[in-house]
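Since the structure is predicted, the reported quantities are computational estimates derived from the model, not experimental observations. Counting starts at 1 for both ligands and their atoms, following the listed order.
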Amino acid sequence: MTLKPIDLLLSNANKVVSGNKGVYEGFSIAIDSGKIKAIGPASEIAGLFHPREELDATGKLIPPGFVDSHTHVIFGGQRAGEFVQRCSGADYEQIAAAGGGIRASVRMTRDTDLDTLVSDALPRIQRMMASGSTTIEIKSGYGLDLETELKMLRAIAILAKDCPAEIVPTFMGAHETPDEWREDRSRYIKMVCEEMIPAVASEGLAEFCDVFCERGVFNPEESQAVLEAGIAHGLKPKIHADEMAASGGSLVAAQVGAISADHLMMTPPEGIAALKEAGVVATLLPGTTFFLSKPTYAPARKMIDAGLDVALATDRNPGSCTIESMLFIMGLAVQRMNMTPLEALEAATLGGAKALGRSEICGSIDVEKRADLILWDAPDEDFLIYEFTNDLSRTVWAGGNRISGPPVHS
Ligand code: NIG
Ligand code: FE
């Protein structure tokens, strides 16, 4: 029998952990033309393929690439000063109410040109990819006027063009009310719905529309209006919900049929029930809880036990979380939210893919899915989590292309 030529064979992994809880020992993975072509016991796969390149994965762990489904990685300037202030007792919401927080990043982003937004974001995205993220969602929302929101979304499109990871754009004009509309928030919401959303949609610059439904930011009625305007223009709804307080965001998510509700630190039982009933993915961002030194993590166990689909993401942004590593986020999920290592791995891969409507394309190691993979210098998921604070050696493939890893010796 002739052996089928393929691009790459990862052979005899100690463990292959797929996003859908499949756990295989001594398996090999065949990759060709950017896709997974076969997965099976090492001896079986060896008899089928002739690889152009083969890597011995003996003793190692192979999960899918991470799907980081919630980031704000494009912004002008930085807010290190606020972080230090918070460390000596200042409060995130008080800083925001005094004109800092998101509005500080808005002023800096308006003052930053397109090329600089792109060149500032690039190293962040490169670090994310090196740490294993192969799909990355990015939101606008530090412009809060049409011109700057479009500038941010164009920066995302430029970065997406040559990026080996898949970049997914989200419009978030309703991230905050900008300085110039503080006295007339309803007029700002009207602008988001009637001017920004149609412009963004007509240029095809975003796939999702997000809103910050929160005490002191946008209320449930305003949030619903924004998401419905997005839906009317083909933008799928996402929502920042119940981050600082139970603000009704999870109920809005259920009401509009959002693909995901994110944060959910303070979600009450009726919010969990509503998300379950409506099939909304619960995207948990424990890095934000950690970075803001908040005492209460999202009730992950209650959500998993209620049967919700859970995703984990970084929320990388200039103010409330600078963490870029999905492994670090998984470590927090296990240590602070009582998730198991396998649950955390599934949430960081297939969960994220579901939160981005991409579970047929990525997020698990299945035949014909994109070859987004990480070869970890770890025997299993318990060891991986145990080392979550460290820069564990790994090789990352996105769409079958090796995008990061130690030097290859031939
Ligand atoms: O997801 N919650 C709203 N937006 C971001 C914070 C943005 C910022 O502080 O700049 C978040 O945490
Ligand atoms: Fe966010």
For the pair [X] and [Y], find out whether any cationic side-chain nitrogen is under 4.0 Å from an anionic carboxylate oxygen.
X    : Y    : result
D366 : K35  : no
E207 : R358 : yes
R103 : D179 : yes
E149 : K151 : no

Would you compute the distance between atom [atom1] of [X] and atom [atom2] of [Y] and round it to the nearest 0.5 angstrom?
X    : Y    : atom1 : atom2 : result
C362 : E166 : SG    : CD    : 6.5 Å
F291 : T322 : CZ    : OG1   : 3.5 Å
L327 : L312 : CG    : CG    : 11.5 Å
I95  : I102 : CD1   : CD1   : 12.0 Å

Report task. Spell out the protein N/O/S atoms under 2.8 Å from the Fe ion (ligand 2) as residue plus atom name. Result ->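 Less than 2.8 Å away from the Fe ion (ligand 2) sit H70 NE2, H72 NE2, H240 NE2, D315 OD1.
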Which protein heavy atom lies closest to [atom], and at what distance to 0.1 Å?
atom                    : value
atom 7 (C) of ligand 1  : Y142 OH, 3.2 Å
atom 12 (O) of ligand 1 : S320 OG, 2.6 Å
atom 11 (C) of ligand 1 : D315 OD2, 3.2 Å

Query raised in the report: Relative to each other, are the rings of Y188 and F218 parallel, tilted or perpendicular (30° and 60° limits)?
Result: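 Y188 and F218: parallel rings.
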Subset of ligand 1 atoms that lie under 4.0 Å from at least one heavy atom of [X]:
X    : result
I102 : 7 (C), 8 (C), 9 (O), 10 (O)
H263 : 1 (O), 2 (N), 11 (C), 12 (O)
N317 : 5 (C), 6 (C), 7 (C), 8 (C), 9 (O), 10 (O), 11 (C), 12 (O)

Considering [options] one by one, which has a heavy atom nearer to [atom] than any of the others?
atom                    : options               : value
atom 2 (N) of ligand 1  : M244, E243, E176      : E243
atom 5 (C) of ligand 1  : H175, E214, M172, E82 : H175
atom 10 (O) of ligand 1 : H70, H72, R79         : R79

**Report entry** Which segment of Y92 sits under 4.0 Å of ligand 1 when only heavy atoms are counted
**Finding:**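 Looking at Y92 and ligand 1, just side chain atoms fall under 4.0 Å.
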Query raised in the report: Does one side chain, of D315 or T288, offer a donor that lies under 3.5 Å from an acceptor on the other?
Result: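 Judged by distance alone, the side chains do pair up.
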Query raised in the report: Can a cation-pi geometry be assigned to R124 and F75, taking NZ or CZ under 6.0 Å from the six-membered ring centre and within 45° of the ring axis?
Result: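 Satisfied, under 6.0 Å and within 45°.
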